[in-house]
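Okay, so here's the structure we're looking at.
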Amino acid sequence: MPSCRLADDFAARLLAWWDEHGRHDLPWQHPRTAYRVWVAEIMLQQTQVSTVIHYYRPFLQRFPDLQTLACAGIDDIMSAWSGLGYYRRAVHMHRAAQLCMQLHKGALPTTAEALLALPGIGRSTANAIISQSLDLPLPILDGNLKRVLARHAGIAGWPGERSVERKLWLAAELRLPQHRGADYAQACMDLGATLCRRRQPRCGDCPVAGDCHALQLSQQDELPGRRQRRAKTQRQLQLLVYRRGDQILLQKRPAIGIWASMWSLPEGTADPRSAQAMQVIRHELTHLQLHITPWLMPETAECMVADTPLQWYKLRESLQLGLPKPIRDIIAQLPEPD
DNA sequence: AAGCCGGGGAT
DNA sequence: ATCCCAGGCTT
């Protein structure tokens, strides 16, 4: 069967390359327990290794096992997550940990199906956890693999499209080895991260360049295809800065929407006759552009009643809470109290 | 199928 | 400025 030859060749060459040139010292590789791999995989969703590196060890120090995470308060978890972005991941992880306490005797389940049922875990993440912690060969399809496979198999189109994604999953399955599932998953990602990069791929060093479709046709720069880009919607955000001596008033964001469940500055409208507009901050997200106007409220102003919790914090303490970056920046540039 | 959800790094 | 990153969830 030709597909077996493909799998053997591809995986064997990749593994041989990885043994010598791969990354063997990432913090979640030692030991490769399910909990440690899970935390890493969630942090790594849409987030680069170079960023996650700074968060992973402190997070594990604070939440060394699944039970600790399940029993922790969401504020503690959000604080540890602060700066990583996509904060819903932290909420999902907390809920997943509690579900594991109820349904799986306090451990992560050991089948992809059961993992898939947990919030925050899709097919790729489930397979990544199983393959790495149990050393079983299962296909994964993250940003690295989408690029590697689109090029090696010559799959055109934007991977966000269903039809393209289906082809990519099939290509991933066809290349699976019989053994060394954990090393193979890591090898695939290392190939994408270090050689088969978006720009300037190092095809001269690639172990699977010999039968790479993109290289044969010089299509490395065209594959994978890009999404059609759209204009970002613009959104205004008015934030209120209430000072009381060395304290500042913060408000919990709603559980849905941007910065879900995080502490932030209260949102509302200010009277420009009494409040002082600070410098407008532009904050880019994937799908929209925020124009944030912070309003310095007069000291005598009363804060309106809100539908989410309000809390006074000392300036210095507030910066330890885990605030969205623009909020941190606004607070950091406030003048010190007299 | 398309929209939503952050922040940082590279170019 | 623009693109991309160890994606998944919701509508």
Side-chain angles (χ1 to χ4, degrees), chain A residues 23 26-29 36-56 78 81-93 95-96 115-129 131-132 138-148 157-166 168-169 172 182 185-194 196-200 221 224-233 235 253-262 264 282-290 292 322-329:
Chain A
R23 295 178 292 189
L26 295 168
W28 43 90
Q29 295 178 307
R36 291 169 54 86
V37 171
W38 174 49
V39 172
E41 289 302 326
I42 301 299
M43 284 188 171
L44 286 160
Q45 287 171 357
Q46 297 298 98
T47 310
Q48 295 178 352
V49 171
S50 57
T51 300
V52 168
I53 284 282
H54 305 295
Y55 289 82
Y56 184 76
M78 289 299 255
W81 204 267
S82 174
L84 267 177
Y86 288 108
Y87 298 95
R88 194 169 298 172
R89 294 182 295 175
V91 177
H92 285 161
M93 250 184 32
R95 276 179 43 211
L115 283 172
L116 258 176
L118 296 172
I121 299 181
R123 182 177 175 192
S124 185
T125 299
N127 286 359
I129 294 171
S131 64
Q132 291 185 77
L138 290 176
I140 56 179
L141 195 58
D142 57 17
N144 286 311
L145 269 291
K146 286 172 182 169
R147 190 170 53 255
V148 168
W158 177 53
E161 277 178 30
R162 246 357 120 62
S163 59
V164 178
E165 195 181 3
R166 270 199 300 271
L168 290 168
W169 274 113
Q186 187 63 52
C188 284
M189 295 185 282
D190 286 1
L191 180 68
T194 66
C196 197
R197 303 172 296 194
R198 187 69 186 88
R199 282 176 287 265
Q200 299 178 347
D221 291 341
R226 299 179 179 179
R227 88 174 290 172
Q228 219 174 336
R229 72 173 188 44
R230 309 180 305 277
K232 287 185 179 178
T233 60
R235 190 194 297 177
R253 300 278 311 176
I256 56 175
I258 188 174
W259 304 328
S261 304
M262 297 184 74
S264 174
R282 294 160 49 117
H283 185 63
E284 302 263 359
L285 291 83
T286 307
H287 55 293
L288 60 84
Q289 186 165 26
L290 281 179
I292 303 172
L323 301 171
K325 181 166 192 310
I327 310 300
R328 226 159 48 225
D329 290 345

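Below, chains carry the letters A, B, ... as their sequence lines are ordered, and counting in each starts from 1.
At a threshold of 4.0 angstrom between heavy atoms, the contacts of A/Val52 with the nucleic acid are absent. Among the atoms of the strands shown, none is found under 4.0 Å from any heavy atom of A/Trp158. When heavy atoms are screened at a 4.0 angstrom cut-off, A/Leu116 is found touching no nucleic acid atom at all. Residue A/Glu165 is classed as having no contact, given no heavy-atom separation below 4.0 Å to the nucleic acid.
In terms of heavy atoms, A/Lys146 sits closest to A/Pro159 at CD-CB, 3.9 Å.
Remark on DNA chain C: of its neighbouring residues A/Thr125 and A/Arg147, the 5'-side contact belongs to A/Arg147, judged by nearest-heavy-atom nucleotide. DNA chain C is contacted by both A/Arg282 and A/Arg123; A/Arg282 maps to the nucleotide lying nearer its 5′ end (nearest heavy atom per residue).
Atom CD1 of A/Ile140 and atom C1' of C/dG7 are 12 Å apart (whole Å). Following rounding to the nearest Å, A/Arg162 (CZ) and C/dC9 (C1') show an atom-to-atom distance of 12 Å. Distance CG (A/Leu118) to C1' (C/dG8): 13 Å, rounded to an integer number of Å. One atom, CG of A/Asp190, and another, P of C/dA6, lie 10 Å apart when rounded to the nearest Å. When the P atom of C/dG7 is taken as reference, atom NZ of A/Lys146 falls 7 Å away, rounded to whole Å. Distance A/Arg166 CZ to B/dA1 C1': 12 Å, rounded to the nearest Å. Taking atom CD1 on A/Ile42 and atom C1' on C/dG7, their separation rounds to 9 Å, with Å as the unit.
Across the P atoms, B/dT11 and C/dA6 are found 14 Å apart, a figure rounded to whole Å. Spacing of P atoms, C/dT11 relative to B/dG6, comes out at 16 Å, to the nearest Å. C/dC4 and B/dC5 have their C1' atoms separated by 16 Å, given to the nearest Å.
Remark: A/Tyr56 pairs with A/Trp28 by the ring pair (Phe, Tyr, Trp, His ring centres under 6.0 Å) rule, at least two apart or across chains.
How far CG of A/Leu141 is from CG of A/Asn127: 10.0 Å, rounded to the nearest 0.5 Å.
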### Message
Can you build the contact string for nucleotides 4-11 of chain B? Use B for base contact, S for sugar-phosphate-only contact, and - for no protein heavy atom under 4.0 Å.
### Response
SBBBBS-S
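On a pure distance criterion of 3.5 Å, a polar donor-acceptor pair joins the side chain of A/Arg23 and the base of C/dA6.
No more than 12 heavy atoms of other residues, nucleotides or ligands shown are found within 6.0 angstrom of CZ on A/Arg235.
In summary, the side chains of A/Thr47 and A/Arg89 do present a donor paired with an acceptor at a separation below 3.5 Å, with no hydrogens or angles considered.
Residues A/Arg230 and A/Gln228 are not in side-chain contact: their nearest non-hydrogen atoms beyond the backbone lie 4.5 Å or more apart. Inter-residue side-chain proximity for A/Pro139 and A/Trp169 is flagged as met; some heavy-atom pair is nearer than 4.5 Å.
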